[in-house]
A.B. asks: 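The structure under discussion is supplied below as C-alpha cells; questions concerning it will follow.
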Amino acid sequence: MSEEKSLNFIEEIIENDLNSGKYSSIVTRFPPEPNGYLHIGHASSICLNFGLTKKYPGYTNLRFDDTNPTTEETEYVESIKEDIRWMGFEWKHELYASDYFQQLYDFAVLLIKKGLAYVDDSTSEAIAAMKGTPTEPGKDSPFRNRSVEENLDLFQRMKNGEFPDGSRTLRAKIDMAHINMLMRDPILYRIKHAHHHRTGDAWCIYPMYDFAHGQSDSIENITHSICTLEFVPHRELYDWLIAQLEIYPSHQYEFARRNINYTVTSKRKLLQLVNEGHVTGWDDPRMPTISGLRRRGFTPESIRDFCDRIGVAKRENMVDVGLLEFCVREHLNKVAQRRMVVFDPLKVVITNYTAAEELLPTENNPEDPNGGTRMVPFSAEIYIEQDDFMENPPKKYFRLAPGQMVRLKSAYIIRCEEVVKDADGKLIELRCTYIPESKSGSDTSGINVKGTLHWVSAKHAVSAEVRLYDRLFRVEDPTDEEGDFKEYLNPESLQVVNRVYAEPDLLNADLNSRYQFLRKGYFCLDKDSTTEHLVFNRTVTLKDAWAKEVKKA
RNA sequence: UGACCCAUGGUGUAACGGUAGCACUACAGAUUUUGGUUCUGUCUGUUAAGGUUCGAAUCCUUAUGGGUCAACCA
C-alpha cells in the first residue's frame with residue numbers, strides 16, 4: 001500500500017461515504033437506452049460504474065432505460081449486453097425501467113393525490129410557449145388547478161387509452177417561475193399508443209426520463225447514480241421527486257463525458273452514418289462503437305486501459321485518439337503473433353540459391369518468451385516490398401539498393417546485384433545473391449547490416465485482402481465545424497488492398513487471432529473472411545520512425 | 001444578457017495551504033535480425049487581477065474564457 005494511486009472525485013465521494021458509515025457497500029448502475037449501439041464514450045461509463053464495484057464492496061446493475069417505445073428495439077438490447085460482457089464486466093441484475101411501469105404509475109397517482117401533479121390538456125406548442133425562457137418566467141397552464149379527483153380520473157383515462165397521442169400530459173406541479181427550467185412543471189407522462197419492445201401493448205402512457213430514471217434508481221437502492229454533466233440541472237428535480245415520493249434517496253453525481261478527436265460520439269450522428277450508408281453498419285471498423293472497435297481488432301484490455309488513463313473529471317475535454325492507439329499497440333505488442341505479409345510486391349531472384357526450398361524457424365513473438373516458433377518456407381524467388389528498394393537511395397536509407405546488403409528476417413543476408421526493367425523502364429525484378437554463412441541463428445559471416453526486411457516466398461505465398469483504416473473524419477471536432485458534420489468525413493478512411501502476399505501460416509487464422517504483420521501494423525481476421533478469400537483488418541499501424549524521417553526531408 | 005457547471009504544458013490527469021508530478025505527444029540519443037519493442041534524456045503549464053496567509057494551483061472577490069439549460073428524447 002506504499003504507493004497510493006490518486007482517486008478521482010467520485011472515488012473520493014465513495015470513500016468518504018464508506019468511511020463515514022453512510023454506506024457499508026455501494027450499488028451503481030449502467031443505464032443505457034436501447035436505441036443504438038454502445039460507443040467508446042459509453043466504455044468510460046461502463047468502466048467507471050462496473051469498476052467502482054470491483055474496487056469497493058457492492059454491485060452494479062444493468063438497467064435499460066426503455067421509456068420511449070418508438071425508438072427502442074430488442075436488437076439494441078442484445079448488442080449492449082454483448083458489448084458489456086466483451087468489455088469484461090458482469091452485472092448483478094438485468095433490469096428494465098419498463099419493469100417498473102406499474103410502480104411508476106402508482107407513484108404518479110400518489111403525486112396527484114398530494115396535489116403535486118395535474119393533467120394538462122395543452123398542446124405541445126402551448127406548453128412550450130408557457131414555459132418561458134431561461135431569463136423570463138413561464139406562465140401557469142389553465143389546467144393547473146384542476147381538482148385532485150378530476151386529475152385522478154383523467155390520468156386513469158389516459159392510461160385506459162381514451163385519449164389520442166399528444167392530447168394530454170401529466171405534469172408535476174412545482175413552480176412555473178422557477179429559475180431552473182426543469183422545475184417549471186415538468187412533464188411526467190405522455191400518451192403514446194406504441195408497441196413497446198417488452199411490455200407490448202399493455203401501456204399507452206409512458207413516463208418521461210425524469211420520472212423514470214431517479215425512481216428506478218431509488219427502487220434499486222442505487223447509492224451512487226453516475227451520469228454526465230448535461231444532467232446537472234436535472235438533479236434538482238431528481239431530488240425533489242424522491243423527497244415528495246418519500247422513497248429511497250439515491251444520489252446523482254455527474255462527470256464530463258469523454259470526447260475523442262477525429263470522430264463523433266453521438267448516437268444520433270452515428271445512426272445517420274449507418275442509415276445514410278457512409279459506413280457499412282454499426283460495427284464498421286471505422287466506427288467508434290464498441291462493436292466497431294472489436295471488429296477492428298481492439299482488445300477489451302486496451303479499451304479498459306484507455307478509459308483508465310483518460311480518467312474521470314468534470315471539465316470539458318477532447319482526448320487525443322493517439323492515446324487509444326497507444327493503448328492498443330501496447331497490448332497487442334505483447335500478445336500479437338508476428339507474421340510476414342508483403343503488400344506491394346517486388347520480385348527478388350536469389351541467383352546463387354540452388355536448393356529447391358527450405359523451412360526456416362522464426363519466433364512468433366519476440367516479446368513473449370513462451371511464444372514459440374514456427375517454420376517459414378524460403379526459396380530462390382521471394383517478394384519484398386517495393387518500398388524496400390530504391391535505385392538511388394538517400395543517405396540514411398537502410399534498405400535494398402544496387403550493390404547494398406540487407407538481411408531477410410529470419411533468413412539470409414542478400415546483396416542486390418542487378419536491377420531488371422522492362423522496355424518502358426519499369427522495375428520488374430531484382431537479382432540478388434545471398435551469403436550462405438549468414439543464416440539466421442548460425443551466422444558466421446561477420447557481416448553487419450543495418451536493415452532487416454520482411455519477405456515471403458513467391459511459390460508459397462497465399463493471397464489475402466487487407467483493409468486499411470484511417471480516422472473517420474478529417475477534422476478534430478466535426479461537430480464544431482460549419483455546416484453538416486458529414487461534410488468532414490475522411491474520404492480515405494478505408495483503403496482496400498485487394499491482393500497481398502502472405503506467409504502460408506495465415507491460412508490458420510481465426511477471428512480471435514491477433515497478428516502483427518512485421519513492419520506493417522497490427523491486424524485481425526475480418527468476419528467477411530472465407531477460406532477461399534482471406535480478409536484482414538488493420539487495427540493500427542506500427543509507429544514509423546522512417547516515415548517521419550522521410551517527411552522531414 | 002438569468003441560473004448552474006468548469007478552468008493546471010499540445011492532450012488527458014494529479015498535487016486536498018508547504019518542492020507543480022504522472023501518462024500520451026514532440027524532440028534528441030542508446031540498443032535492436034521489425035526504422036517495431038526497450039532504455040535514457042530534453043522541451044512546454046497553474047486564464048487574469050486583487051485579497052487572506054510566514055507560505056496559494058489550492059481559500060475569498062472580481063474579471064475573462066468555455067460548457068449546459070427554453071424535446072410529449074434520454
Side-chain angles (χ1 to χ4, degrees), chain A residues 5-8 12 31-33 35 65-68 70-72 120 122-124 127-129 131-138 165-171 178-182 184 187-192 205-206 208-210 212-213 227-236 254 256 258 261 267-268 309-327 329-330 333-334 338 340 362-363 366-367 396-399 406-411 413 438 440-441 443 448-454 516-521 541-550:
Chain A
K5 209 192 161 215
S6 57
L7 305 175
N8 65 50
E12 272 180 25
E33 185 192 6
N35 69 345
D65 239 333
D66 56 349
T67 57
N68 186 0
T70 54
T71 58
E72 295 154 6
D120 194 335
S122 308
T123 63
S124 172
I127 289 177
K131 194 101 185 179
T133 72
T135 52
E136 304 158 40
D165 287 6
S167 59
R168 284 171 225 259
T169 56
L170 181 75
R171 293 229 262 164
H178 203 289
I179 200 72
N180 181 348
M181 300 279 297
L182 282 153
R184 321 243 261 228
I187 293 171
L188 267 21
Y189 267 90
R190 75 285 215 194
I191 301 171
K192 269 179 194 275
I205 55 171
Y206 292 91
M208 296 288 289
Y209 165 85
D210 286 304
H213 199 101
C227 60
T228 45
L229 245 32
E230 66 267 31
F231 291 98
V232 168
H234 292 252
R235 190 175 61 235
E236 193 170 11
E254 312 87 10
R258 313 323 277 176
N261 57 12
K267 277 196 274 186
R268 208 194 95 248
R309 285 171 186 264
I310 62 181
V312 174
K314 295 188 80 162
R315 73 184 81 115
E316 297 296 319
N317 59 81
M318 180 64 80
V319 181
D320 194 329
V321 67
L323 183 61
L324 216 208
E325 293 173 350
F326 166 83
C327 291
R329 281 193 191 106
E330 187 178 58
N333 178 48
K334 294 192 191 105
R338 312 295 137 120
M340 293 196 284
T362 184
E363 71 271 14
E367 302 298 313
K396 285 190 281 185
Y397 189 78
F398 304 148
R399 284 115 94 144
V406 83
R407 169 164 300 276
L408 296 175
K409 173 71 182 173
S410 296
I413 292 174
S438 67
S440 275
D443 184 351
N448 251 325
V449 292
K450 274 288 225 180
T452 300
L453 308 185
H454 63 280
Q516 183 197 105
F517 291 174
L518 245 56
R519 306 206 297 143
K520 285 295 185 185
T541 61
L542 255 26
K543 286 218 298 200
D544 191 345
W546 174 244
K548 234 178 243 175
E549 195 69 32
V550 170

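Below, read A as the first sequence line, B as the second, and so on, with proteins coming before strands; counting in each chain starts at 1. As a basis for the values below, the full set of heavy atoms in this structure was taken, side chains included, without hydrogen atoms, waters or symmetry mates.
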A.B. asks: Taking NZ, NE, NH1 and NH2 as the nitrogens, is one of them in A:Glu363 or A:Lys409 under 4.0 Å from a carboxylate oxygen of the other?
C.D. replies: yes
A.B. asks: For B:U33, does the base pair up with any side-chain atom of A:Ser440 as donor and acceptor (N or O, under 3.5 Å, distance only)?
C.D. replies: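 Indeed there is one.
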A.B. asks: How far does the C1' atom of B:U47 sit from the matching atom of B:U58, given to the nearest Å?
C.D. replies: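 It comes out at 16 Å once rounded to the nearest Å.
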A.B. asks: For the residue pair A:Ala212 and A:Thr67, what are the closest heavy atoms and their distance?
C.D. replies: CB-CG2, 3.6 Å
A.B. asks: Tell me what A:Phe326 touches on the nucleic acid: a base, only sugar-phosphate, or nothing, going by heavy atoms under 4.0 Å.
C.D. replies: sugar-phosphate
A.B. asks: So for A:Arg309 and B:U13, does any side-chain atom that can act as donor or acceptor lie under 3.5 Å from a complementary atom in the base?
C.D. replies: no
A.B. asks: Please name the pair of heavy atoms, one in A:Ala256 and one in A:Asn317, separated by the smallest distance, quoted to 0.1 Å.
C.D. replies: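 So the minimum-distance heavy-atom pair works out to CB-ND2, 3.9 Å.
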A.B. asks: How many Å lie between CE on A:Met181 and P on B:U68, as a whole number?
C.D. replies: 16 Å
A.B. asks: Tell me the interatomic distance from A:Glu367, atom CD, to B:U37, atom P, rounded to whole angstroms.
C.D. replies: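 Going from CD in A:Glu367 over to P in B:U37 covers 9 Å.
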A.B. asks: What is the nucleic acid contact for A:Asn317, judged by heavy atoms within less than 4.0 Å: base, sugar-phosphate only, or nothing?
C.D. replies: sugar-phosphate
A.B. asks: B:U40 and B:U32: how far apart are their C1' atoms, nearest whole angstrom?
C.D. replies: 15 Å
A.B. asks: Please give the nucleotide sitting opposite B:U64 as a Watson-Crick or G-U wobble pair, both distances under 3.5 Å, or none.
C.D. replies: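 Because both required distances fall under 3.5 Å, B:U64 counts as paired with B:A7.
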A.B. asks: Would you mind pulling out the nucleotide paired to B:U44, Watson-Crick or G-U wobble, both distances under 3.5 Å?
C.D. replies: none
A.B. asks: What does B:C22 pair with, Watson-Crick or G-U, if both distances are under 3.5 Å?
C.D. replies: B:G12
A.B. asks: Is there a donor and acceptor pair closer than 3.5 Å between the side chain of A:Arg519 and the base of B:U34?
C.D. replies: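 Between B:U34 and A:Arg519, which were checked side chain against base, a qualifying N/O pair under 3.5 Å is absent.
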A.B. asks: Taking any strand in view, what nucleotide pairs with B:C59 in a Watson-Crick or G-U wobble way, both distances under 3.5 Å?
C.D. replies: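 B:G51 is the nucleotide pairing with B:C59.
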A.B. asks: Mind checking A:Gly441 for me? I need base, sugar-phosphate or nothing, with any heavy atom below 4.0 Å counting as a touch.
C.D. replies: base
A.B. asks: Donor-acceptor check, side chain of A:Arg338 to backbone of A:Thr362, threshold 3.5 angstrom: yes or no?
C.D. replies: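 Not confirmed, A:Arg338 side chain does not pair with A:Thr362 backbone.
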A.B. asks: Remember a base hit wins even if backbone is also touched, and classify A:Tyr397 as base, sugar-phosphate or nothing at under 4.0 Å, heavy atoms.
C.D. replies: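 It contacts base atoms.
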A.B. asks: Sticking with atom P, work out how far B:U11 lies from B:G17, rounded to a whole angstrom.
C.D. replies: 28 Å
A.B. asks: Between the base of B:G12 and the side chain of A:Glu316, is there a donor and acceptor pair under 3.5 angstrom?
C.D. replies: no
A.B. asks: Can you tell me, in whole Å, how much space there is between the P of B:A15 and that of B:U8?
C.D. replies: 14 Å
A.B. asks: Heavy atoms only: give me the nearest A:Arg184-A:Thr133 pair and the separation to one decimal.
C.D. replies: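 Looks like NH2-O, 2.6 Å.
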A.B. asks: For nucleotides B:A56 and B:A49, find the distance between their P atoms and express it as a whole number of Å.
C.D. replies: 14 Å
A.B. asks: If you compare every side-chain N and O of A:Ser124 against the phosphate oxygens of B:C72 (OP1, OP2), does one of them come in below 4.0 Å?
C.D. replies: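 Yes, A:Ser124 has a side-chain N/O under 4.0 Å of OP1/OP2 on B:C72.
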A.B. asks: To the nearest 0.5 Å, how far apart are CD1 in A:Ile413 and OG1 in A:Thr452?
C.D. replies: 8.5 Å
A.B. asks: Compare the aromatic ring of A:Trp546 with the six-membered base ring of B:G35 and state whether they stack according to the 5.5 Å and 30° rule.
C.D. replies: yes
A.B. asks: Looking only at the side chain of A:Glu230 (C-beta and beyond, no hydrogens), which of the listed nucleotides B:C73, B:C5, B:U68 gets closest?
C.D. replies: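 The answer is B:U68, which lies nearest to the side chain.
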A.B. asks: For B:G45 and B:G9, measure between their P atoms and round to the nearest Å.
C.D. replies: 9 Å
A.B. asks: Using a cut-off of less than 4.0 Å, is there contact between a side-chain N or O of A:Arg338 and OP1 or OP2 of B:U37?
C.D. replies: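 The answer is no; no side-chain N or O of A:Arg338 sits under 4.0 Å from OP1 or OP2.
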A.B. asks: Across all strands shown, which nucleotide pairs with B:U34 by Watson-Crick or G-U wobble geometry, both distances under 3.5 Å?
C.D. replies: none
A.B. asks: Nearest 0.5 Å, please: how far is CG in A:Leu188 from OG1 in A:Thr169?
C.D. replies: 9.0 Å
A.B. asks: Counting distance alone, no hydrogens or angles: does the base of B:U34 have a donor or acceptor under 3.5 Å from a partner atom on the side chain of A:Gln516?
C.D. replies: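 Side chain to base: pair found, below 3.5 Å.
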A.B. asks: Pick the P atom in B:G35 and in B:U19, then give their distance to the nearest Å.
C.D. replies: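 Approximately 46 Å lies between the P atom of B:G35 and that of B:U19.
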A.B. asks: Ignoring hydrogens and geometry beyond distance, is the side chain of A:Arg399 in donor-acceptor contact with the base of B:G35 at under 3.5 Å?
C.D. replies: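 It does, because a donor-acceptor pair links the side chain of A:Arg399 to the base of B:G35 below 3.5 Å.
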A.B. asks: Which value, in whole Å, describes the distance between the C1' atoms of nucleotides B:A74 and B:C22?
C.D. replies: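 Comparing C1' positions in B:A74 and B:C22 gives a spacing of 36 Å.
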A.B. asks: Does A:Arg315 place a side-chain N or O at less than 4.0 Å from the phosphate oxygens OP1/OP2 of B:U47?
C.D. replies: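 The answer is no; no side-chain N or O of A:Arg315 sits under 4.0 Å from OP1 or OP2.
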A.B. asks: Report yes if a side-chain nitrogen or oxygen of A:Thr67 is closer than 4.0 Å to either non-bridging phosphate oxygen (OP1 or OP2) of B:A74; otherwise report no.
C.D. replies: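 Answer yes for this pair, as a side-chain N or O of A:Thr67 is under 4.0 Å from OP1 or OP2.
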A.B. asks: Is there, by distance only and without an angle test, a donor paired with an acceptor across the side chain of A:His234 and the base of B:A74 below 3.5 Å?
C.D. replies: yes
A.B. asks: So does A:Arg329 get a side-chain nitrogen or oxygen closer than 4.0 Å to the phosphate oxygens (OP1/OP2) of B:U34?
C.D. replies: no
A.B. asks: Would you say B:C27 has OP1 or OP2 under 4.0 Å from some side-chain N or O of A:Lys548?
C.D. replies: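 Indeed, a polar side-chain atom of A:Lys548 lies that close.
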